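All values reported here derive from a predicted model rather than from experimental measurement.
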Amino acid sequence: MTAVDIDVDTVERALATADEEQPFAELGLQPDEYERIQQILGRRPTQSELAMYSIMWSEHCSYKSSKIHLRQFGEKKPPSERMLAGIGENAGVVAITDKLAVTFKVESHNHPSFVEPYQGAATGVGGIVRDILAMGARPVAVMDALRFGAADHPDTARVLPGVVAGVGGYGNCLGLPNVGGEIVFDPCYQGNPLVNALCVGVLPVDGLQRKEADGPGNIVVLMGAKTGRDGIGGVSVLASATFDSESEQQRPAVQVGDPFMEKLLIESCLELYASKLIVGVQDLGGAGLTCALTETSASAGTGMSVQLEKVHLREASMQPHEILASESQERMLLIVEPAKLDAVLGIATLWGVSATAIGVVTDTGRLVIDWHGQTVVDVPPGSLVDDGPVYARPLKEPNDLPLLIADRAETLPRPANPEELRETLLRMIASPNLCDKSWVTEQYDRYVLGNTILAQPEDAGVIRIDEETHLGVALSCDGNARFARLDPYEGAKLALAESYRNVAVTGAVPIAVSNCMNFGSPEDPGVMWQFAEAVRGLADGCLELGIPVTGGNVSFYNQTGAVPIHPTPVIAVLGIHEDVRHRVPMGFSQEGDLLYVLGT
Amino acid sequence: MRIGVVTFPGSLDDGDAARAARYSGAEVVRLWHADPELYGVDAVVLPGGFSYGDYLRCGAIARFAPVMETIAKGARDGLPVLGICNGFQILCEAHLLPGALTRNQHLHFRNRDQKLRIEAAATAWTNGFDSGQEIVIPVKNGEGCFVGSEELLDRLEANGQIVARYVGENPNGSMRDIAAIRNEAGNVVGIMPHPEHAIDLLTGPSVDGLTFFTSVLAHLAGAAQPVEEEVAA
Amino acid sequence: MARVVVDVMLKPEILDPQGQAVANALPRLGVNDVASVRIGRRVEIEFAGEADLDRAKEIADKLLANPVIEDYAVRVEA
Amino acid sequence: MARVVVDVMLKPEILDPQGQAVANALPRLGVNDVASVRIGRRVEIEFAGEADLDRAKEIADKLLANPVIEDYAVRVEA
Ligand SMILES: Nc1ncnc2c1ncn2[C@@H]1O[C@H](COP(=O)(O)OP(=O)(O)O)[C@@H](O)[C@H]1O
């Protein structure tokens, strides 16, 4: 293979050309961050290394602006014996019985869904499903929380049908029932719609999978779709240094999903888990191989030696930094004992999924990546995962808040007589945010798998997870950005309370919380204040209710120009239903039943 | 009685079809697309889903699975076969049933509880119904619009090969409101809505779907009898 | 490498809701001189060696087109 | 009446799951000399009067192709 003419930036070359200028700023790295990288490596990074640091130290992967706030979820966490895995894992896992556990998580795919609504939403579902799969669980249901601009805006007519078709297209084809969600219209989302997807999975308590790349000598296997130039977005600036602008155009940021491949990937992984054939597993998400390789080795404290040319490519001309940055969908990374490699590859073949050994675990504490025999990456993996920058960004209550709060609802005209009351009621129930949502929900399969006990139009979804014992779980996700705009602390608490109530009224006991925090730019002190308040509100609310936050996702930079969206914390609550035969649907069940109002 | 349920790559409602067969009292045998063997099953269900991603045309690729060759042969010899949704599409693609299923007229996937009228109770899979009986089972598909030439449709009507029709709103634009058809012999039935999702009030809108599965058991029990009668006579 | 293109179209008598949806949307774009739109599939088959028209026809017959509802045309692309 | 054909294909670097599924199925039909398959849309626009290429391009831009992931070619059909 050495015959290949290699024109890539190797470690050797980096040492020889110490002063070469690198486009770190275009990759979103600050000068001091770039300096840190050089300190860590004792030299300038190679192109591939620079790409990897820029990805792993990005807001999306490093949580650099949110980290110091999210700590509260751990600090204020009420004691819970059920929690088997929490924040920091792909998804939180809670034990339901001695034998069964569930895992669930919400994640955003906002920006891609604005660019290409169908594929953006579809790959959003695909991504969260792989998170759940990586914990060792069989994904069993999905939900989606959506936000669009004004219902009658032309761009909503472009985005909404595509997003809904994408959520449905991917979830239906995977065979996952959609058991609920939200659709809210507000002009603040006009240029920045939100697509949050939730997935829940079930696993045996002793089937929990780990991501650690333990055991030097173990094999690193990449399984699933071929790697292409999907979503390498920012990293393409590395190419522009060496390629002409013509080839630059060939670097799409849009990923295309293949739910069929994902279905095969799910079945193969579950078979691998059941046969106890693997040591570790990690899904490939936003940061592709870069994230999977560094996280698995860093969390085990091991190293890795990877031959990047072994990765199956969709386009032969791909460069190492592109392969490392690629966001191609439907891929998983496995850590396998050498003696079990054949069995693993056999199961992949049975399901028609390709799987390739691309490297081995080492005890060097370094992630070393070769490209046709030359070393292009040699880094301590922990430096990418754990040593990223952390910011305590300035916070400041938005200037307009007192005015907004002063503009109270009491000043609005009220219906003065029964006629006007009737009129108001009719207008309300016909409004986009309150009207019947079946145009959307009918595009989702709610029956597949045969365990859906409650789904739309109920306030919470309920699914059976054990046919013998009738055990089930209830799920709801809620958010009210208008409340949160007025008071992010109370707004987050209210969303939590609503979700909690929705779960409780089905007859379930709420036990765990996940969340997706959708906000504007963290560099805007007003937004940062909203975020800090919302996190504090959620953490306090959880403490009061006595349930832990088990995971979540932060999506910043949701804004158009300088105008951020309303702060939109979407809070999901999961509850245990001891016997789904006793579920309580929301409809009146028969004439003559008495109505009571509980609470204040 | 043994009912085989086939799993293709991308089958999704195979577990549900197996559960429905089990509820009806049958012994369930899971069949694999790549294995031509039918393991002596007395009837076969091709379940719903997105075999091979439903890429190209629904059912077009599944038709070439090794198990389909054996099933096609069996079907010609009278083996009861029920194709549900994607299974119906596969049966049409394999020419075991006439006509074709195309994109829903409104171009959307649609999932709702659907009222049907059983038009032909004289099939292996519907003998437990009365002709004209109305039932409710879920429909969920993106390509469930049955099409065929006028001549074919007339022939299906004349032969009593239309097994069920949509009542009320036609969910996909199917010609002549066709929801299910059978082959001439009556052992092969394709149905777009999902009987396997209507077997328990906890998880479905009715228990009407179970009758499809109990019907085939009755059919198989009955098929065993005439032979005895002949011997007796 | 050689490319054969297979064009698969719904038969004229079969309703094409997708094409119709596009046609119906045109007046809103200010386009009024279109009589009809039909949407089919274009399949590009890349042969490892020579372009093989007969092979392509065979593939089209068996797999790419459903003769009940579709017609196809096969040609080598320059 | 005059017909303009718009061929819409996924850009070469974009994943084409459909084409891939068909390519993977070919060996089962005994076809082994196909390197790859890509599947796109063929759109036939029937103009009431003259064929109008510019109009067709405009329709393709606005309705038929998503420039983020697709390329298209427009031609008058003889
Ligand atoms: N995007 C969505 N995906 C799935 N289900 C949804 C979605 N939006 C709304 N739903 C479901 O539709 C039903 C009605 O929604 P909505 O009108 O928002 O109800 P509510 O205001 O009572 O929460 C609920 O069951 C909800 O879960």
Can you tell me which portion of [X] sits under 4.5 Å from chain B's heavy atoms? Options are side chain, backbone, both or neither.
| X | answer |
| --- | --- |
| Val580(A) | both |
| Leu176(A) | neither |
| Glu467(A) | side chain |
| Leu264(A) | side chain |

About how many Å separate [atom2] of [Y] and [atom1] of [X], when rounded to the nearest 0.5 Å?
| X | Y | atom1 | atom2 | result |
| --- | --- | --- | --- | --- |
| Asp200(B) | Arg464(A) | CG | CZ | 6.0 Å |
| Lys263(A) | Ser11(B) | NZ | OG | 8.0 Å |
| Asp113(B) | Glu442(A) | CG | CD | 9.5 Å |
| Leu202(B) | His470(A) | CG | NE2 | 8.5 Å |

Closest non-hydrogen atom pair, [X] against [Y]:
| X | Y | value |
| --- | --- | --- |
| Tyr447(A) | Gly204(B) | CE2-CA, 4.1 Å |
| Gly53(B) | Phe260(A) | N-CD1, 3.2 Å |
| Asn172(A) | Leu12(B) | O-CD1, 3.0 Å |
| Arg19(B) | Leu449(A) | NH2-O, 3.1 Å |

For this session: Indicate yes or no: at least one non-hydrogen side-chain atom of Phe109(B) is less than 4.5 angstrom from one of Val164(A).
Result: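 Phe109(B) vs Val164(A): side chains apart.
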Exercise. Under 4.5 Å between any side-chain heavy atoms of Thr203(B) and Ile453(A), yes or no?
Worked result: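 They are in contact (side-chain heavy atoms under 4.5 Å apart), so the answer is yes.
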Does any heavy atom of chain A fall under 4.5 Å from the side chain of [X], the backbone, both, or neither of them?
| X | value |
| --- | --- |
| Arg110(B) | both |
| Ile199(B) | neither |
| Pro47(B) | neither |
| Tyr52(B) | both |

Exercise. Between the main-chain N or O of Gln443(A) and the side-chain N or O of Asn111(B), is there a donor-acceptor pair closer than 3.5 Å?
Worked result: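 It does not hold such a pair.
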Exercise. Is the backbone of Lys140(B) close enough, under 3.5 Å, to the side chain of Asp445(A) for a donor and an acceptor to pair up by distance?
Worked result: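 Not a single qualifying donor-acceptor pair exists.
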Exercise. What residues, two or more places apart in sequence or in another chain, satisfy salt bridge (charged side-chain N to carboxylate O under 4.0 Å, His left out) together with Asp54(B)?
Worked result: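 Scan of Asp54(B) (salt bridge (charged side-chain N to carboxylate O under 4.0 Å, His left out), adjacent residues dropped) gives none.
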Problem set entry | Among Ala20(B), Pro138(B), Ala34(B), Gly15(B), residue most engaged with chain A (heavy-atom pairs, under 4.5 Å) |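 Highest number of heavy-atom pairs under 4.5 Å: Pro138(B).
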For this session: Check the pair Asp258(A) / Tyr55(B) against side chain to side chain contact (heavy atoms under 4.5 Å, CB included), numbers first and verdict last.
Result: CA-CA 10 Å; Asp258(A) 181 356; Tyr55(B) 296 134; 2.6 Å; yes
Counting only pairs under 3.5 Å, give me each side-chain donor-acceptor contact of residues 65-74 of chain B, with atom names and distances, residues two or more places apart or in other chains.
| unit_1 | atom_1 | unit_2 | atom_2 | d |
| --- | --- | --- | --- | --- |
| Thr70(B) | OG1 | Pro36(B) | O | 2.6 |

Exercise. Who wins among Arg446(A), Met261(A), Glu267(A) for the most heavy-atom pairs under 4.5 Å with chain B?
Worked result: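 If we count pairs closer than 4.5 Å to chain B, Arg446(A) comes out on top.
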